[in-house]
Participant: 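Quick one: this structure, given as structure tokens, is what I'll be asking you about.
Note that ligands are numbered from 1 as they come in the structure, with each ligand's atoms numbered from 1 the same way.
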Amino acid sequence: MKGRILKILRDKKGTVSGQALSDELGVSRVSVWKHIQKLQALGYEIDATTRGYRLDHSPDVPYPWEFPGRESKIFYYPELPSTMDTAKDLARKGCLHFTTIVAGRQLSGRGRLKREWLSEEGGLYFTMVLRPDLPPVLSFRVGFLASLTLARLLNEIFKIEVRVKWPNDLLVNERKICGMLSELEAEADRVAFINMGIGLNVNNDPSTIEPTATSLKMILGHNVSKKEILSRYLDLFETRMQSAAYDDVIEQWKQYTVTLNRHVRVVTTRDVFTGIAVDIDGTGALVLKCADGSKKIIHYGDCFHQSR
Ligand code: BTN
């Protein structure tokens, strides 16, 4: 009902009478008024007079009804320990492909290699439960597709140069703007689910804690809509996941990366390697050429670009 009321108010733009809303929605005027009050309590600025209702401002909060067609698959929480934990519970209970858990902020946000992920108000923090039709050995493609799709979308919306860094960070001018974390559960020959968690710095300022990080607001100088980014991203990523183009995702990703032909330091759970990143192989692994001429194939780790 909230989504339908908002749609009418947005389509008509000006003031809509209580009677017109009640006729169009097929509910009483009292019921309309109760829903309006709930929307107001959630941050929607709705001017209510004897002439009717006018929507003046919507909060930038990804409430489920802001995602027509996906309402039942969006779970929004103002605050969570980590969207990864909630996603895992829902995935194990059998939730649908592309169920998405979004948090306004996270109290124990998790990064890769057991790091903490600062998740203050203003950033976009979400985890998608994905059930791709892929054997576990090809599941790495999903992470590459997720980062490539988001980089392209941010380039398109904001006209900024977003690039990908192995394995799936997003950078702008060498500063990290987004990190991704994936967790997989599989049976012998089939992926049960991949939970893809994304932390995008949008209207927050991460540089006070992490000097090498940036956000969309820091780059553009103004706030932008998290709701719009999420809505467009889910639509685009879901479409891309269905398409055949996904077969050559590594090749496409390589066109978008700033990791190749760079001196890098790669930290894995056990070792630290340095060398020149010469390729991303067909399994998504980083191929490193070490100083002694040997090659190292690294499947999982964190990569730090050294100054040129
Ligand atoms: C990294 O770069 O180390 C990965 C960061 C991933 C952060 C996101 S925010 C949403 C989801 N929930 C978490 O606790 N982590 C991921």
Participant: Could you tell me if R163 sits above the aromatic ring of Y256, with its cationic atom closer than 6.0 Å to the ring centre and no more than 45 degrees from the axis?
Facilitator: yes

Participant: Using a strict cut-off of less than 4.0 Å between a Lys/Arg side-chain nitrogen and an Asp/Glu carboxylate oxygen, indicate whether R232 and E156 qualify as a salt bridge.
Facilitator: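 So R232 pairs with E156 through a salt bridge.
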
Participant: Tell me whether S22 contacts the main-chain N or O of V27 through its side chain, where contact means a donor paired with an acceptor under 3.5 Å.
Facilitator: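 Yes; judged by distance alone, with no hydrogens or angles, the pair exists.
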
Participant: Indicate the atoms forming the closest heavy-atom contact of S139 with V191, along with that distance.
Facilitator: CB-CG2, 4.1 Å

Participant: Which other residues belong to the hydrophobic cluster containing W117, where Ile, Leu, Val, Met, Phe, Trp and Tyr are joined when side-chain heavy atoms lie under 4.5 Å apart, directly or via other members?
Facilitator: Y125

Participant: Between the protein and ligand 1, which nitrogen or oxygen pairs come in under 3.5 Å, and how far apart is each?
Facilitator:
from	atom 1	to	atom 2	distance (Å)
ligand 1	2 (O)	K176	NZ	2.6
ligand 1	3 (O)	R112	N	2.7
ligand 1	3 (O)	R115	NH2	2.9
ligand 1	12 (N)	T83	OG1	3.0
ligand 1	12 (N)	Q106	OE1	2.9
ligand 1	14 (O)	S82	OG	2.7
ligand 1	14 (O)	Q106	OE1	3.4
ligand 1	14 (O)	R110	N	2.7
ligand 1	15 (N)	R110	O	2.7

Participant: Quick one about R10 and S58 (side-chain donor to acceptor, distance below 3.5 Å, no hydrogens or angles considered), yes or no?
Facilitator: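 Side chains of S58 and R10: pair found under 3.5 Å.
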
